[in-house]
Amino acid sequence: MRKLSSIVIAVLTLLRVTTPLYSQSPMSVKATSEKFVVYQMMFHLWGNKQTELVRNGSYQTNGVTKFKDVSDVALKALKNKGITHVYATGLLEHATMENFPAYGSPIDHPSVVKGRAGSPFAIKDYYDVNPFLADDPAKRMDEFKLMLKRFHAQGLKLVIDFVPNHLARQYSSDQKPKGVIDFGVNDNKQVAFDVNNNFYYLPGTQFTVPEGVHPPVPVNIPYIEIPAKVSGNNVFSPQPSINDWFETVKLNYGIDYQNGNQNHFDPIPNTWIKMHEVLSYWTDLGVDGFRCDMAEMVPVEFWTYAIGKIKKQNPKIIFIAEIYQPDRYRDYIFKGGFDYLYDKVGLYDGVRRLMQQKPEATCADITRVWQHESGDFANHMLRFLENHDEHRLNTPAFAANNFWSTIPGMVITAGLHDGPLMVYMGQEFGEKANEIEGYNEADDRSSMFDFWRVETHQRWMNGGKFDGGALTAEEKQIDAFYQDLFKRVANSEAISKGAFFDLQYAQSANYPANKVYSFLRYTKNERLLIICNFDAQRAQTIDVVIPTLAMDMMQISHVNLQLQHAYIPPTVLDKPILKGNSVLIPANSALFIKL
């Protein structure tokens, strides 16, 4: 038995290494490509031209994007960068410290709002957009619709937020369609859980604002909430901490968390029906997709129900899930119906360690992602190096001492498989996010809670010309890298539609596997060897081994390596050298080599 077990283990180990290598049929070419580029704009910051700002300033003082700022000129500039989709964060009306009572949007209690602008994920009205984004707040939806027409006229798709797990503590819709009932209106507040309640309650308690909350505007009366509702991050306490999502309340999808997580999905819970109504409303208006906040905190059964209905309404609409549990990826794609999932816990974390030169960093993490997490559905993974939740790349918290590690990091992010990628506004210029905004205290992120600006992006806008005229020489260099990379992967059949082969396992013993990652992307018409060097100090010389298995899958009998393109930091003096199968790759560089 022991000998037989050893043989079985050996065979299974071999299969584990080789099977994912040809998870896509050899020489196959997809009819359509999913290699599109999503550009995330924090909407209220994106078009702001104000340069003189004050900490905790209002939108009048510090400036704010208006719908008209997303002009035809702006959209053409984005499209010229290689952008295909725009995820506009913070369009939906959310809790804020600004006051628009004449337009159906009175001020929210400052004690349950994070920052002067408020959190884009504390939705106040699912059927409305923020009044401060419009020149005429009374016509804000008309201005939004005109902007959406501009997107479509320029051949760009607009993705908006869908925040299903929680909403603002003082949610109240003045723009809901006729017949729609607000969340919580018919709730039985005397019980902790009822399948037809929209919220979870803590009977006999009163909500207490967390210690340490100090709003930047006057607070004249206390915030009263009786009974207390459960906070958005599943905090079943009337007194959440300042680090909790205390500004939001958890929505009830029929899971009784306090009684063994029992599911009550039949009949359909009322919250499911209400949230489908929200999705249907925006689908009818013509948006092209939804980025679904904390999708994993909502049962997959709801997504099966809701996405199935919306796909019948518009088969081309896309759903992107923010999700951080790899063991649930498969369910949320194949059961829930999501088109794309965030690849944060897998690829982002591994690549970030390499970019930061962490002692434990290894390119084996990249191999692990496709072997053990998403190898057979990599086209469903949305990959990125920045978004609003993560540290900016060019900051002390991320890679400030190794800024040009963005080259191998982004090439892996963009080229590893055939799924989409995302870039965050300002990333393509090396945004430092080092200003003190108010709620954000220069925490190496661009604030989503304050009325502010993104300084490098503002200089790219250049007063509305959107020509990058005010960028520094280095910022123009990094922008040129991003633009070239986006267009390269979009125009490459091998990268946008082809198969994938990891070369790490086939290399010799002296191959620097912790620092260098090599892989193939190929179709019958195009074969590419891509090599990325994450070593920040040293060039690496390697003798690349293309194994027989790879050549069989590419249906070739020999290889003739030819350098197609090299991405090399302007600070590096080394030049790439290719002689036969011997390759010198400079530090922080990436090579595209034709076979």
*How are the rings of Tyr567 and His565 set relative to one another: parallel (under 30°), tilted (30 to 60°) or perpendicular (over 60°)?*
perpendicular
*Evaluate the side-chain contact (heavy atoms from CB on, under 4.5 Å) criterion for residues Asp293 and Asn165: first the C-alpha distance (whole Å), next the side-chain angles of each, then the deciding distance (0.1 Å), finally the verdict.*
CA-CA 7 Å; Asp293 186 73; Asn165 176 68; 5.7 Å; no
*If you measure only the distance, is there a donor-acceptor pair under 3.5 Å linking the side chains of Tyr342 and Asn387?*
no
_Can you tell whether the side chains of Asp418 and Lys497 come within less than 4.0 Å, N to carboxylate O?_
no
*Could you tell me whether the side chains of Thr367 and Gln504 share a donor-acceptor contact shorter than 3.5 Å?*
no
_Taking Met425's backbone N and O only, do any of them form a donor-acceptor pair with Glu428's side chain (distance below 3.5 Å, no angle check)?_
no
_Cation-pi check for Phe398 against Arg352: NZ or CZ below 6.0 Å from the six-membered ring centre and within 45 degrees of the axis, yes or no?_
yes
*Would you say the side chains of Asn510 and Ser508 form a donor-acceptor pair under 3.5 Å?*
yes
*When you look at CG of Asp327, are more than 12 heavy atoms from neighbouring residues, nucleotides or ligands closer to it than 6.0 Å?*
yes
_Within this structure, what is the NE2-CZ distance for the pair His380 and Arg330, rounded to the nearest 0.5 Å?_
10.0 Å
*On the 0 to 90° scale, with breaks at 30° and 60°, tag the Trp303-Phe162 ring pair as parallel, tilted or perpendicular.*
perpendicular
Please table the atom pairs, donor to acceptor, closer than 3.5 Å between any side-chain atom in residues 568-588 and protein atoms at least two apart or in another chain.
residue: Asn581; atom: ND2; partner: Val544; partner atom: O; Å: 3.0
residue: Ser582; atom: OG; partner: Asp543; partner atom: OD1; Å: 3.4
residue: Asn588; atom: ND2; partner: Asn402; partner atom: OD1; Å: 2.6

*Going through the distances and angles, do Tyr340 and Phe36 end up as a ring pair (Phe, Tyr, Trp, His ring centres under 6.0 Å)?*
CA-CA 12 Å; Tyr340 307 104; Phe36 56 81; 5.3 Å; yes
*Count the heavy atoms of every other residue, nucleotide or ligand shown that sit under 6.0 Å from NZ of Lys515, and state whether that count exceeds 12.*
yes
*Between Asn233 and Asp244, do the side chains contain an N or O donor and an N or O acceptor separated by less than 3.5 Å?*
yes
_Between Gln40 and His388, a side-chain donor and acceptor under 3.5 Å_ = yes
*Check whether the side chains of Gln458 and Thr51 place a donor and an acceptor atom closer than 3.5 Å, and report yes or no.*
no
*asked:* Check whether Asp444 reaches the backbone of Thr395 with its side chain - one donor and one acceptor, N or O, closer than 3.5 Å.
replied: no
*Is there a donor in the side chain of Ser518 and an acceptor in the side chain of Tyr511, or the other way round, less than 3.5 Å apart?*
yes
*With a cut-off of 6.0 Å (strictly less than), are more than 12 heavy atoms of other residues, nucleotides or ligands near NZ of Lys81?*
yes
*Would you say the side chains of Glu390 and Tyr424 form a donor-acceptor pair under 3.5 Å?*
no
*Between atom CG of Leu416 and atom OG of Ser374, what is the distance when rounded to the nearest 0.5 Å?*
8.5 Å
_Quick check on Lys487: does its NZ atom have over 12 non-hydrogen neighbours (other residues, nucleotides or ligands) under 6.0 Å away?_
yes
*Could you check whether the rings of Phe334 and Phe377 sit parallel, tilted or perpendicular, using 30° and 60° as the cut-offs?*
perpendicular
*Ignoring hydrogens and geometry, is there a side-chain-to-backbone donor-acceptor pair from Asp535 to Arg538 under 3.5 Å?*
yes
*Whether Trp46 and His457 hold their rings parallel, tilted or perpendicular, with breakpoints at 30° and 60°*: tilted
*Is it true that the side chains of Asn533 and Gln540 contain a donor and an acceptor less than 3.5 Å apart?*
no
*Report the C-alpha separation of Ile318 and Lys157 in whole Å, then their side-chain angles, then the decisive distance to 0.1 Å, and conclude whether the side-chain contact (heavy atoms from CB on, under 4.5 Å) test is met.*
CA-CA 10 Å; Ile318 65 171; Lys157 296 184 183 299; over 6 Å; no
_Flag for Tyr482-Gln427: side-chain donor and acceptor within less than 3.5 Å_ = yes
*Evaluate whether atom NZ of Lys311 has more than 12 neighbouring non-hydrogen atoms of other residues, nucleotides or ligands under 6.0 angstrom away.*
yes
